[in-house]
Structures are given as C-alpha cells and as structure tokens.
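Everything on this sheet refers to the single structure shown next.
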Amino acid sequence: MSHSGNKQLSRYLSDLSAVYTYLGGTERFRAAAYRKAAKVVEALPDDIAIYCKKGTLRRLPGIGESIAQKIEEFNKSGKIGKLEALKKQVPYELLDLLSVSGFGPESLRRLHEELGISTHVHLEQAIKQGKISQLPGFGKQKIENMLRGLKLFKDTANRMLLPDAMALADQVIASLTKIPGVLQAAVAGSIRRRKETIGDIDVIVSCHSKDRAKIAAQFVKEPFVERVIVKGITKVSVIHRPSNRQIDLRIMRENEWGSGLHYFTGSREHNIHLRSLASSRGYRISEYGIFNRRSGKWLGGKTEDDIYRILGMSLMPPEMREDHGEIELSIKHEIPELVDMKDLRGDMHMHSTWSDGMNTPEQMTSYIQKHFRYDYTVLSDHSPASVITHGMNAKQVLKQIEKVRAINRNAGNQFLKTGIEVDILMNGELDMPDEILAQLDWVTASIHRGFTKDNTERLLKACENRYVCCIGHPTGRLIGSRAAYPLNMDELIRKAALTGTALEINAQPRRLDLKDEHIRSAVQAGVKLVITTDAHTYADLHNMEFGIYMARRGWCTKNDILNTQSWKEIEHFRDKKRNGNK
DNA sequence: GCCGTTTTCGGCCCGACTGTTTTCAGTCG
C-alpha cells in the first residue's frame with residue numbers, strides 16, 4: 001500500500017499548513033514549513049514507514065525534529081494529535097477556501113471572528129443576506145470576487161491533460177506573436193515543466209518598455225478572452241473561452257527575458273529555494289534579473305543561463321525544476337543529460353486490428369516509417385483474457401508471427417518485431433503458455449482487471465516469469481478517472497531489478513504510467529525502462545513525446561531507456577533474463 | 001518549524017495588482 005500512506009500524511013501536513021496560514025502572523029513561517037514538508041512527503045519514492053523504520057526521516061529536506069516526531073506518530077497511529085487539537089481552534093471547514101481566489105487568511109479570519117461564519121453554507125447565506133458588505137473593507141468588488149472564486153472552486157477540481165493544455169497554449173502564443181511590438185513569446189509554468197496535468201496556462205512575452213501597455217491592452221481584446229481578472233503594465237490574467245481556464249501573461253523587457261522566463265517557469269518551490277540560496281550568497285533574484293544584494297546592481301537576466309551561471313551553477317531543463325534535489329546537483333555541475341525524442345529508436349508497444357487496434361500491422365509499420373526515425377517497432381496485441389479487446393489465442397499468435405515475417409520479407413528488412421501484451425491473471429500467472437512467449441521478440445505483461453485489490457503479488461510473480469521482458473502500465477492509473485491500484489512500488493522496483501525485467505513508461509496522456517517519481521526510483525535502483533505509446537491508432541503513435549517528458553521529469557538519461565539502444569542490445573537484455581541472468 | 005559559504009538565533013523569495021484607502025494591506029503567482 002505504498003503510496004496511500006504517504007498521500008494521507010501529506011494531506012495532514014497540508015492541513016497543518018492551512019491551519020497555521022489561517023492563524024497568520026509569524027505562524028505563516030510555520031505554515032510554510034509544513035507546506036514544504038507536505039510536498040516532500042508527497043514526492044517520496046518509498047513508503048513513509050520505511051523512513052521511520054530506518055530512522056532516516058531527519059535526513060529529508062524540510063523535515064526537522066518536530067515534523068519527524070509527528071510523522072512517527074502518524075506511522076504508529078494514523079493520526080497527528082496536534083492537528084486534531086488545532087482543528088478545534090479554527091473554522092476548519094472553511095480552510096479549503098484558502099486555495100480559492102478572493103480568500104486569504106485575513107478575510108477568513110474576519111468572517112469567522114466578526115460574523116461567526118464557519119462553514120461554506122454559512123458563508124453563502126451571509127453573502128446573500130448582505131451581511132458581509134457591512135464589514136469594513138468588504139466592498140462590492142471584493143464580494144463579487146469572492147463569489148466568482150466560490151463558483152470556480154466548484155467546477156475546476158479537474159486539471160487539464162498536458163496535450164490539451166499545450167494545444168491551448170500554442171493557440172495563445174500564436175495570437176501573442178501577432179501583436180505589434182511583441183519580440184518573443186513562450187509558454188512557461190507547469191506546461192514548460194511538462195507536468196502531467198495543468199491548472200493555469202502561463203505565457204510570457206518580451207518587448208520594448210514603451211510597448212508594454214499597448215500589448216496588455218491588445219491581449220485583453222483577443223477573441224478568446226472571456227473575462228479580465230487583472231490587468232497591469234507587466235502582468236495580465238484572463239479567463240479563456242471556452243475552456244474556462246485562467247491564462248497568466250507576463251510582459252517583460254528584452255533584457256529581462258531570461259529571468260522572466262525562469263521566474264514564470266517555476267516551480268514555486270524551485271524558485272524559493274534558488275532565491276534563498278542567492279540571498280545567502282549576496283545576490284537577489286527576481287523576474288527582472290539577478291542583482292548584487294548590497295549595491296542593487298543588475299548582473300544579468302537576458303538568458304536563463306545568466307541566473308545559474310552567476311550563482312556558479314549549471315542550467316537545468318525545466319522538467320527538473322521541482323526542488324527535488326536538482327539545485328544541489330546543479331551546484332556540483334552534475335546535471336544529467338536527459339533523454340530526448342531524437343534518442344529513441346523504436347516503439348515497444350502498439351496494437352493492430354489483430355486485437356483492438358484500428359489499423360493493420362502493415363499500415364502501422366508504414367506510417368511509423370514515414371513519420372518517425374525508428375529502427376524497429378514491436379507489435380504487441382492483446383492476449384485472450386482481454387476478451388473485450390478480442391485478444392489473440394495461442395494459435396493466432398503463431399499465425400501473427402508468420403505474418404510479421406512475411407511483412408519483413410516483403411520490405412526486405414527486420415523492422416517489425418513480434419510481441420504481445422499478455423494479461424497477468426488474478427493469480428499472477430499469464431494467459432499464454434511459456435512455449436509461445438518464447439517465440440516472440442518481446443513480451444510485455446500487464447494487468448487489465450482487478451483494479452481495487454493490492455496487486456503487488458501479481459506483478460512480482462509476473463516478473464519472475466523469464467519470458468516477461470517488461471511490465472506494462474505498472475500502476476494502472478487513468479488520470480482523472482481511475483486511481484492507481486494499491487501496489488508496493490518499492491517491492492516491484494526491487495523485483496524488476498533483481499529479475500532483469502524492464503518497466504514501462506506508457507506515453508498515453510491519460511496513463512503516463514509510470515509517473516515521474518516512480519521513474520526516478522526505478523532509475524536509482526538500476527531498473528531499465530522502455531517508453532511506449534501503446535498505440536491503437538496512427539494518431540496515438542505521436543504520443544511518444546509525452547512519455548519522453550515523463551522520463552525527463554524522472555531524470556532519465558539515454559542509458560536508462562532501453563529503446564534508445566539497438567535491437568541487438570535489446571535482445572541481449574531479453575536473453576540475459578531468459579537464460580537465468582547468467 | 002526549518003536551517004546555516006555571515007548565523008544554532010533570527011531570519012524565512014520577491015514584486016505586481018486590487019480595492020478601499022489616502023498610504024497600504026491583502027492577495028496572488
């Protein structure tokens with residue numbers, strides 16, 4: 001149950017952060033400490049119980065004596081007494097509003113103390129009855145903003161998938177580029193960091209300083225602007241039509257382009273860490289550049305590299321900027337060269353009309369050869385347990401092997417490889433006999449049913465089969481619709497390392513499975529990964545880039561990804577396991 | 001509550017915009 005524990009703990013730490021945020025004053029620093037700890041716990045590769053057992057909690061960044069104790073308590077009892085006690089001192093039910101635009105700690109405190117409001121229902125009633133407008137400082141505008149915030153809070157729970165956000169951002173960038181005076185325009189924020197889901201769209205332009213007001217004025221007139229939230233000379237926020245997403249635009253001068261892009265790319269945690277590091281070394285960083293702290297002299301900011309270089313650090317790809325240790329690596333100049341689309345030599349998982357794909361093997365092959373520079377591709381249709389997908393039985397597999405050979409013969413090459421996505425049954429066995437699997441070039445084993453139980457044992461057993469080359473979409477999650485099944489990822493990674501089994505990075509935007517932090521643990525454990533599209537159509541084949549992004553967010557180099565290697569090397573990996581890792 | 005290339009105490013990223021003020025606090029990214 002690896003991650004449910006971490007998730008719950010992270011949630012409690014966030015709650016503590018919210019309580020201290022509400023209490024305000026100097027408690028906000030305590031709040032910041034808990035917020036950081038919550039983030040750290042959320043991103044941990046191993047179950048929190050393991051850190052407790054090994055006594056390594058204190059070594060985690062942002063975890064000191066006090067928080068470590070609370071984590072120990074959580075590990076033993078599932079609760080944090082301090083949180084339970086604090087809940088009684090604050091309008092706890094209101095605190096989720098802290099994340100809502102229009103509500104800050106001070107507003108909530110006054111609503112509670114001066115009007116006795118302690119629930120959402122109270123709040124809405126009080127607004128309707130006009131009670132709030134009697135409070136000094138709560139003018140008409142402010143109340144309108146609060147109402148908007150509440151409305152948005154109700155229907156923005158789900159975030160956008162990365163490709164949808166990228167498409168929307170491209171549209172915005174195209175409009176910005178056409179505005180007179182705009183010199184450069186780019187996407188920043190979590191899109192640039194290639195997070196799997198996106199909240200707001202962040203974009204940035206550069207121009208001469210005299211053009212800033214003009215550009216801001218033109219931007220809010222664009223046809224996709226539903227409503228303007230803020231509009232100044234350097235920043236504009238609008239709601240996009242019809243997506244109802246917020247777009248934040250920053251307007252920078254030419255010399256501020258790099259520092260502006262850096263600031264606006266984030267992450268927030270990365271920026272805070274870097275700025276505080278800069279401060280301790282006598283610098284000050286803002287979106288306008290890097291400055292000498294004492295003299296205020298501008299030292300650089302035309303490029304992102306300026307910022308890091310002046311700090312004696314090396315630049316890192318946006319995908320790494322989550323304050324997960326990349327700053328420390330950068331100080332040591334040990335930023336790895338991350339895997340790139342151009343490194344990929346083949347797709348290891350795709351379907352055809354032989355199961356639930358939309359195109360024949362021939363069609364898929366010729367499409368790939370036309371649009372990608374791959375050296376090989378693995379056909380991997382479903383096995384019979386996947387009834388709904390018209391999975392192949394043993395006889396059909398043998399027939400398909402003949403078919404693939406014929407396709408290659410006709411083409412005069414060995415481009416198409418034989419394979420299967422074999423089902424892992426409820427008991428961990430596979431629904432295809434070993435003697436059939438032994439004849440295939442590549443075998444991916446996946447779970448397609450039993451999503452609610454703990455599937456650790458099933459997956460471990462599948463790894464033990466010498467013909468299983470790779471575990472497909474290991475967690476089974478579907479972003480926004482199905483949670484990952486309970487699974488001890490640490491055990492799976494250990495077993496994969498031990499048995500020489502690869503793990504899949506499935507590039508379908510709704511899967512992205514494994515996800516970034518699992519990828520990092522796998523890499524650290526020496527497990528090889530494959531990036532695949534799991535394509536069922538031509539269009540799906542183009543999802544490969546999203547798998548690459550996830551791999552980059554997991555700090556993968558080319559060497560960590562098996563399908564950056566020649567087919568000969570892949571065979572070597574496969575045969576090593578088949579021959580008992582000798 | 002955390003943390004240390006000035007510090008084990010006293011800081012904690014930094015700046016823009018808004019609203020309701022009348023010089024600024026709150027909020028946001």
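Nothing here was measured: the structure is a model prediction, and the numbers come from that model.
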For this session: Would you classify A/Val236 as touching base, sugar-phosphate or nothing, given that sugar-phosphate means primed atoms plus P, OP1 and OP2, and contacts are heavy atoms under 4.0 Å?
Result: nothing
For this session: With C1' as the reference atom in both, quote the distance from B/dT6 to B/dC12 in angstrom, rounded to an integer.
Result: 16 Å
For this session: Just call it for A/Gly102: base, sugar-phosphate, or nothing, with non-hydrogen atoms closer than 4.0 Å on any strand.
Result: sugar-phosphate
For this session: Could you tell me whether A/Tyr263 contacts a base, only the sugar-phosphate backbone, or nothing, with contacts defined as non-hydrogen atoms closer than 4.0 Å?
Result: base
Problem set entry | Interatomic distance at C1', B/dA25 relative to B/dT20, whole Å | 10 Å
Exercise. Do the side chain of A/Arg193 and the main chain of A/Glu322 share a donor and acceptor less than 3.5 angstrom apart?
Worked result: no
For this session: Using the C1' atom on both, measure B/dG19 against B/dG11 and round to a whole Å.
Result: 31 Å
Exercise. Is A/Arg520 salt-bridged to A/Asp516, cutoff N-O under 4.0 Å?
Worked result: no
For this session: Have a look at A/Ser237 and say if it touches a base, only the backbone sugar-phosphate, or nothing, with a 4.0 Å heavy-atom cut-off.
Result: nothing
For this session: Describe the nucleic acid contact of A/Lys36 in one word from base, sugar-phosphate, nothing, applying a heavy-atom distance below 4.0 Å.
Result: nothing
Exercise. At under 4.0 Å between heavy atoms, what does A/Glu144 touch on the DNA or RNA strands: base, sugar-phosphate, or nothing?
Worked result: nothing
For this session: Both distances under 3.5 Å, Watson-Crick or G-U wobble: report the partner of B/dC28, or none.
Result: B/dG15
Exercise. Expressed as a whole number of Å, how far does the C1' atom of B/dG10 sit from that of B/dG15?
Worked result: 24 Å
For this session: State whether a side-chain donor-acceptor pair under 3.5 Å links A/Asp96 with A/His120.
Result: yes
Problem set entry | Atom C1', compared across B/dT23 and B/dG29: separation rounded to whole Å | 24 Å
Exercise. Only one of A/Glu287, A/Arg192, A/Arg250, A/Met252 forms a side chain to side chain contact (heavy atoms under 4.5 Å, CB included) with A/Phe264, so which one is it?
Worked result: A/Arg250
Problem set entry | Contact residues, residues 128-137 of chain A to DNA chain B [heavy atom, < 4.0 Å] | A/Gly137
For this session: Walk along DNA chain B from 5' to 3' and tell me the first and last nucleotide with an atom closer than 4.0 Å to a non-hydrogen atom of chain A.
Result: B/dG1 to B/dG29
Exercise. Between the side chains of A/Tyr92 and A/Asp15, is a donor N or O closer than 3.5 angstrom to an acceptor N or O?
Worked result: yes
Exercise. Just by distance, do the side chain of A/Thr265 and the backbone of A/Leu261 share a donor-acceptor pair under 3.5 Å?
Worked result: yes
For this session: Pick base, sugar-phosphate or nothing for A/Lys82, based on heavy-atom distances below 4.0 Å to the nucleic acid.
Result: nothing
For this session: Go through the structure and list residues passing salt bridge (Lys or Arg N to Asp or Glu O under 4.0 Å) with A/Asp560, not counting sequence neighbours.
Result: none
Exercise. Want to settle it: does A/Ser99 or A/Ser276 sit nearer the 5' end of DNA chain B, counting the closest nucleotide to each?
Worked result: A/Ser276
Problem set entry | Nearest-nucleotide 5' precedence on DNA chain B, A/Tyr288 against A/Ile143 | A/Tyr288
Exercise. How would you label the glycosidic angle of B/dT22: syn (within 90° of 0) or anti?
Worked result: anti
Problem set entry | P gap between B/dG1 and B/dT5, integer Å | 23 Å
Exercise. When you check the side-chain N and O atoms of A/Ser107 and A/Lys142, is any donor under 3.5 Å from an acceptor?
Worked result: yes
Exercise. Which is true for A/Arg35 with a 4.0 Å heavy-atom rule: it touches a base, it touches only sugar-phosphate, or it touches nothing?
Worked result: nothing
Problem set entry | Aromatic ring proximity, centroids under 6.0 angstrom, A/His112 and A/His122 | no
Exercise. If only atom types and distance count, is the side chain of A/Ser10 paired as donor or acceptor with the main-chain N or O of A/Ala38 below 3.5 Å?
Worked result: yes
For this session: Could you check whether A/Ile233 gets within reach of a base, just the sugar-phosphate, or nothing at all, counting any heavy atom under 4.0 Å?
Result: sugar-phosphate
For this session: Identify whether any heavy atom of A/Ile67 sits under 4.0 Å from a base atom; if not, whether one sits that close to sugar-phosphate; answer base, sugar-phosphate or nothing.
Result: sugar-phosphate
For this session: Can you tell me, in whole Å, how much space there is between the C1' of B/dC2 and that of B/dC13?
Result: 16 Å
For this session: Look at the aromatic rings of A/Tyr34 and A/Tyr20 and report parallel, tilted or perpendicular, splitting at 30° and 60°.
Result: parallel
